[in-house]
Protein chains: 2
Amino acid sequence: MHSPELLKGTLQTIVLKVLKDNGRMYGYEITQRVKELSDDRILITEGALYPALHKLEAEGMLRTETETIGKRVRKYYSLTPQGRSLVKERVNEFVEFIKTMGNVLQLQIK
Amino acid sequence: MHSPELLKGTLQTIVLKVLKDNGRMYGYEITQRVKELSDDRILITEGALYPALHKLEAEGMLRTETETIGKRVRKYYSLTPQGRSLVKERVNEFVEFIKTMGNVLQLQIK
DNA sequence: AACAATACATAAGTGAGTTATGTATCTAAG
DNA sequence: CTTAGATACATAACTCACTTATGTATTGTT
């Protein structure tokens, strides 16, 4: 598991990108997908995820559809056109960030 | 300038690594070196730096020597052997983190 | 003289996260 | 069958590394 400090500020980027790559998903599914992609190194907590999803929805980046499976309610999220732009922005931002950190920490890039 | 959120948790790593690469340095010098290495993208604030240095010193990672230039006091910091271990640990941690993020965000790592 | 840069330090405030708690359904084990 | 774990959502209290603000003092520049 990674130091939680480093993860700060990456949650939105992760959520948006995973939604872009996987289409419509519900909250719990996102946590599981990230766990899988990160080989158990990034475990998104519900207390962080749900407020983040609500915020992105309120900002018009995501839209939701509610589906009932048996008696279980699932809230599916997908990107709006605005959300699609934001993904690109956020991912670019992150790539720039690691480039800069590569310089500062003198990491061998490639 | 990078989104300050992404920087969270990287300050200690940056300070330790810059000290390792440059030998003994004083606080203000560290901020300037990081500004330079990051092409003005990472501007360490004094309110973050000095407490961080004091903490690392209290933990035995850094030692200090005070020097007086004219009437100006400078506090030089350098790594202790323990500090040297910590640099490696922190830098490895960061590298692992960006590898994981590379997987999650499906970035081209070539 | 006045302002910017150098050089240190600490206190108050912020905000994205963690931790804790609550509700409820589904499924596997003993 | 009932108990525990996984599934699925949600929100409130708290934490803590940072930003912002403030303070002191020297040095260099206009």
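Note on naming: letters A, B, ... go to the chains in the order of the sequence lines (proteins, then strands), and numbering restarts at 1 for each one. All of these numbers come straight from a predicted model, not from anything done at the bench.
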Report summary line: The reported gap from CZ in B:Arg74 to CD1 in B:Ile69 (rounded to nearest 0.5 angstrom) is 5.0 Å

Query raised in the report: About how many Å separate CD1 of B:Ile14 and CG of B:Leu19, when rounded to the nearest 0.5 Å?
Result: 12.0 Å

Separation of atom [atom1] in [X] from atom [atom2] in [N], rounded to whole Å:
| X | N | atom1 | atom2 | value |
| --- | --- | --- | --- | --- |
| A:Ile69 | C:dA24 | CD1 | C1' | 16 Å |
| B:Glu29 | C:dC8 | CD | P | 9 Å |
| B:Leu53 | C:dA7 | CG | C1' | 13 Å |
| B:Leu11 | D:dC18 | CG | C1' | 9 Å |
| B:Ile44 | D:dT20 | CD1 | C1' | 17 Å |
| B:Met25 | C:dA7 | CE | C1' | 14 Å |
| A:Tyr77 | D:dA8 | OH | P | 14 Å |
| B:Leu7 | C:dA16 | CG | C1' | 15 Å |

Counting heavy atoms from C-beta on, name the nucleotide in [options] closest to the side chain of [X].
| X | options | value |
| --- | --- | --- |
| B:Gln32 | C:dG17, C:dC8, C:dT6 | C:dT6 |
| B:Lys71 | D:dA17, D:dT26, C:dC8 | D:dT26 |
| B:Tyr28 | D:dA17, C:dA7, C:dT18 | C:dA7 |
| B:Thr45 | C:dG17, C:dA5, D:dT19 | D:dT19 |
| A:Glu46 | D:dA10, C:dC8, D:dA17 | D:dA10 |

On the nucleotide [N], are OP1 or OP2 found under 4.0 Å from the side-chain N or O atoms that [X] carries?
| X | N | result |
| --- | --- | --- |
| B:His54 | C:dT10 | yes |
| A:Tyr50 | D:dA10 | no |
| B:Tyr26 | C:dA7 | yes |
| A:Arg72 | C:dC26 | no |
| A:Lys75 | D:dA10 | yes |

Query raised in the report: Looking at D:dC16, does its base get a donor-acceptor pair with the side chain of A:Glu5 below 3.5 Å?
Result: no

Report task. Establish, from distance only, whether the side-chain atoms of A:Arg41 and B:Thr100 form a donor-acceptor pair under 3.5 Å. Result -> yes

Requested in this report: Take A:Glu93 and A:Thr13 through the side chain to side chain donor-acceptor pair (under 3.5 Å) test and state the conclusion after the steps.
Outcome: CA-CA 9 Å; A:Glu93 223 172 78; A:Thr13 309; 5.8 Å; no

Query raised in the report: So what does B:Gly47 hit on the nucleic acid, given a heavy-atom distance under 4.0 Å: a base, only sugar-phosphate, or nothing?
Result: base

Query raised in the report: Charged N to carboxylate O below 4.0 Å: is that the case for B:Arg24 and B:Glu67?
Result: yes

